[in-house]
Student: 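I have a structure here, written as structure tokens, and I will follow up with some questions on it.
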There are 2 protein chains.
Amino acid sequence: MIETLLCRLENFQPLADEDRRVLQQALTPPVRMDRGEDVISEGERPEHVHLMIDGWACRYKLLADGQRHIMAYLMPGDLCDIHITLLNRMDHSIGILTRAHVAGIPRQALDHIYAHHPELTRALFWSTLVDEATLREWLVNEGHRPADQRLAHLFCELLVRARVAGLTENHCMELPLTQDELSDAMGLSTVHTNRVLQKLRREGLLTLRGRTLSVHDWQGLTEFADFDPLYLHLERSERMSDLLGGI
Amino acid sequence: MIETLLCRLENFQPLADEDRRVLQQALTPPVRMDRGEDVISEGERPEHVHLMIDGWACRYKLLADGQRHIMAYLMPGDLCDIHITLLNRMDHSIGILTRAHVAGIPRQALDHIYAHHPELTRALFWSTLVDEATLREWLVNEGHRPADQRLAHLFCELLVRARVAGLTENHCMELPLTQDELSDAMGLSTVHTNRVLQKLRREGLLTLRGRTLSVHDWQGLTEFADFDPLYLHLERSERMSDLLGGI
DNA sequence: CGATCTGTTGATGCTCATCAAATCCAGTGG
DNA sequence: CCACTGGATTTGATGAGCATCAACAGATCG
């Protein structure tokens, strides 16, 4: 799954073999984690950067009233928290959503990369900038789009990201999220999310059942959601071209 | 106003005189801009990083239906778009909100900094991580908080940021935003924003009139808004201590 | 096989958008 | 100095979108 990460980083620019090796060797062995556990919690001082090997996680914050807001989904190949070497304390938590394996890059190894591998450093920096761009799009999504478009837009994004990570078959992907977890990310109630999902299904755009997302009308979905993948900055990905062609 | 930037960067760690000089000398002379102009537009390939000398700007995207969503406010001392050196094309625009002066750091100068001034580079990287953290908080704000808390939270943030930039007097600051511009950031209609502002005023929390924000009950406001400034990562700022003490 | 989590359905009401019009204000030109 | 103008703020009325509460059906799992 380091392959997935490398593959993603190469959306910025091709990596030297040396850089690939350095990154690979920096990784600690994957740790098994279960749904409900935190990779790291708000307020903690992190010592590792974490990499999702398999399984899904999310960034989230808890509000004063106990509600959880999910700010990002992390799928296999995603780095969880590069920030962390530079920020003192986590301002949010990272929680596991499925059975998962998580590897780490020790702070020390990362410092070494920063000091001696400028190209790799830039690639990692690039990757956080993409995360930031994604965050901006989510902000637009929650701020301005009604519930149906909002969910549709999320599914577009997830399908593209999964595609680039090699996690799709045709227009289907494993999506191990409950409607509750979707709701906490979209700022909707579970009930409303449920009704919107039914509507998207009725309209022949997609179905979500048994942890599998199937997109039936990709073109229709992207148009409905006003989805423009520019913000994912994946222009270089070969796996993207057919999808993008369809947009 | 480079002072403000340096002062902000030193929230990460004190800068060497050498680094301060390098940054100062990298700046191009400020250019005068007017409300409505774009510093840079979506899709463009940027050649400078921009620094707000005076006046305000915002990051925004235009949606398919013509609505504008504001994703960040930029005040004097804020860098607009460091990303830019690494991302190919802007996935959003930066628009001027008041008469303003904007300086630039040429891409070339920035590359030089990246290559030869690791500490300064880290400080700049840190600064984008804070931007990202702010984005996450905005996401929570729009996703989960009702309109009154949402606006209150925004005002808390703006006051703290202005305070650190030396732009406040007591609990007042110049806030040159129309209710329309506030609405576009909060995902509310102008009408509703207006009513919420009246409510916050009636409750004695703050008044916003004639481009001036006056917070009358800081403690009450932060409690009402569920505001925790951790995400701004300003622990080192001396100017913050009195405000934070009040939280 | 019950216990628990997830998904589904119905009913009710609040928050907020929308439309429309009135007022206020700063700037501009006669 | 005043009339004019266009933008910003304010007010009222109406209705849509979505939250909330409650209950039930299905799935999953030890």
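Residue numbers start from 1 in every chain, and the chains themselves are labelled A, B, ... in the order their sequence lines are given, proteins ahead of strands.
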Student: Let me know the distance between CZ of A/R35 and P of C/dC5, rounded to the nearest Å.
Tutor: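 For the pair A/R35 CZ and C/dC5 P, the rounded distance is 10 Å.
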Student: Search all heavy atoms of A/L182 against all heavy atoms of A/L208 and return the closest pair with its distance.
Tutor: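 Smallest heavy-atom distance, with atoms named: CD1-CD2, 3.8 Å.
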Student: Look at A/Q179 and C/dT8 and indicate whether a side-chain polar atom (N or O) is within less than 4.0 Å of OP1 or OP2.
Tutor: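 Yes, such a contact exists.
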Student: Using atom types as modelled and distance alone, determine if a side-chain donor or acceptor of B/D81 lies under 3.5 Å from a backbone N or O of B/H50.
Tutor: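 Such a contact is found between B/D81 side chain and B/H50 backbone.
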Student: Would A/S41 and A/D38 count as having a side-chain donor-acceptor pair, cut-off 3.5 Å?
Tutor: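 Yes - a donor-acceptor pair under 3.5 Å links their side chains.
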Student: Any ion pair linking A/R8 and A/D78 (charged N to carboxylate O, less than 4.0 Å)?
Tutor: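 Answer for the salt bridge query: yes.
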Student: For residues 201-214 of chain A, which residues have at least one heavy atom under 4.0 Å from DNA chain D?
Tutor: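 Result for residues 201-214 of chain A: none.
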Student: Decide whether A/E157 and A/Y231 meet the rule of one side-chain donor and one side-chain acceptor closer than 3.5 Å.
Tutor: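 A pair is found: one side chain offers a donor N or O, the other an acceptor, under 3.5 Å apart.
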Student: Can you list the residues that meet the side-chain hydrogen bond (donor to acceptor under 3.5 Å, both in side chains) rule with A/E203, with sequence neighbours excluded?
Tutor: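 Once residues adjacent in sequence are excluded, A/E203 has no partner under the side-chain hydrogen bond (donor to acceptor under 3.5 Å, both in side chains) criterion.
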Student: Quick one: is C/dT8 close enough that its OP1 or OP2 comes under 4.0 Å of any side-chain N or O from A/N194?
Tutor: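 Checking C/dT8 against A/N194, a side-chain N or O does come within under 4.0 Å of OP1 or OP2.
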Student: Apply side chain to side chain contact (heavy atoms under 4.5 Å, CB included) to A/V31 and list each qualifying residue two or more places apart in sequence or on a separate chain.
Tutor: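 A/V31 satisfies side chain to side chain contact (heavy atoms under 4.5 Å, CB included) with A/M33 only.
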Student: Parallel, tilted or perpendicular: which fits the ring planes of A/H69 and B/H144, with parallel below 30° and perpendicular above 60°?
Tutor: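 If you compare the ring of A/H69 with that of B/H144, the planes turn out perpendicular.
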Student: Can you name the side chain to side chain contact (heavy atoms under 4.5 Å, CB included) partners of B/A72, sequence neighbours left out?
Tutor: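 With neighbours one apart ignored, the set is B/R59.
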Student: Can you check nucleotides 15-19 of chain C for protein contacts, nitrogen or oxygen pairs under 3.5 Å, and list what you find?
Tutor:
| from | atom 1 | to | atom 2 | distance (Å) |
| --- | --- | --- | --- | --- |
| C/dC16 | OP1 | B/A147 | N | 3.0 |
| C/dC16 | OP2 | B/H192 | NE2 | 3.3 |
| C/dC16 | O5' | B/H192 | NE2 | 3.3 |
| C/dA17 | OP1 | B/G187 | O | 3.2 |
| C/dA17 | OP1 | B/S189 | N | 3.2 |
| C/dA17 | OP2 | B/S189 | N | 3.1 |
| C/dA17 | OP2 | B/S189 | OG | 3.0 |

Student: Counting only heavy atoms not in B/E44, do more than 12 sit closer than 6.0 Å to its CD atom?
Tutor: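 More than 12 heavy atoms, drawn from other residues, nucleotides or ligands, come within 6.0 Å of this atom.
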Student: When you check the phosphate oxygens OP1 and OP2 of C/dG7, does a side-chain N or O of A/Q198 lie under 4.0 Å from one of them?
Tutor: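 No, because none of the side-chain N or O atoms of A/Q198 sits under 4.0 Å from OP1 or OP2 of C/dG7.
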Student: Tell me, please, the opening and closing nucleotides of DNA chain D, 5' to 3', among those with an atom under 4.0 angstrom from a non-hydrogen atom of chain A.
Tutor: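 The protein-touched segment is D/dC18 to D/dC21.
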